[in-house]
Amino acid sequence: MAVKILVIHGPNLNLLGEREPEIYGKIRLKDLNRLIKEYAKSKGVKVKFFQSNHEGEIIDRIHRARKKVSGIIINPGALTHYSYALRDAIAGVQIPAVEVHLSDIHNREPFRKISVIKDVCEQRISGLGEESYLRGIDFFAEWESG
Ligand code: DQA
């Protein structure tokens, strides 16, 4: 069975390309998704995408993914730093998850150094721009073969 991954983009990532491009880059979300999809295909991985600016909608989407996907790649945006509800959702569904960030959250404002979801994720990839997501795909491609 093909590896099926749900890629979740959190709050404000719909504005990718316009939003603080010096930090997050110039790529638009639809182009980022296309890049991820093409890369995933080359690795034999299927991907679905979801973006929301609403914590509850993201949690609902994670719940719906139960028994349907092999893994989740999530850029939770600012929810990373404070959403215990998101952390509990990831822990609760028992789907392996990888936390990704475009920017290097360790080298920005102090509040961004904290991730409340890192302990419920298999891996955290930060600061590689769109490559962060591709390394997330690699993680699951290797996870399945290993
Ligand atoms: C982000 C980093 C977060 O601190 C920020 O709130 C975002 C994007 C990133 O991809 O670098 O919205 O997750």
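Residue numbers start at 1 and run along the sequence shown. Start at 1 and go down the list; that is how both ligands and their atoms are numbered.
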Shortest protein contact, [atom] (heavy atom only):
atom: atom 1 (C) of ligand 1; value: H101 ND1, 3.7 Å
atom: atom 8 (C) of ligand 1; value: Y24 CE2, 3.5 Å
atom: atom 11 (O) of ligand 1; value: S103 OG, 2.6 Å
atom: atom 12 (O) of ligand 1; value: R19 NH2, 2.9 Å
atom: atom 5 (C) of ligand 1; value: R112 NH1, 3.3 Å

Notebook entry, point to check: When the ring centroid of Y133 is compared with that of H101, is the distance short of 6.0 Å?
Noted result: no
For the pair [X] (side chain) and [Y] (backbone), establish whether a donor and an acceptor sit closer than 3.5 Å, ignoring hydrogens and angles.
X: S70; Y: I5; result: no
X: S52; Y: H9; result: no
X: R124; Y: E99; result: no

Note to self: Please determine whether a side-chain nitrogen of the Lys or Arg among R135 and D138 lies less than 4.0 Å from a carboxylate oxygen of the Asp or Glu.
What the structure shows: yes
Checklist line | Where ligand 1 meets H81 - atom numbers and elements under 4.0 angstrom, heavy-atom basis | finding: 3 (C), 4 (O)
Item checked: N75 heavy atom under 4.0 Å from ligand 1 -> yes
Check: Quick one: does E20 get a heavy atom under 4.0 Å from ligand 1?
Finding: no
Checklist line | Selected option - heavy-atom contact closest to atom 10 (O) of ligand 1, from L13, L102, V100 | finding: L102
Notebook entry, point to check: Does R108 reach ligand 1 with a nitrogen or oxygen that is under 3.5 Å from one of the ligand's nitrogen or oxygen atoms?
Noted result: no
Item checked: More than 12 heavy atoms from other groups under 6.0 Å of NZ on K26 -> no
Notebook entry, point to check: Between N53 and E55, is any side-chain donor less than 3.5 angstrom from a side-chain acceptor?
Noted result: no
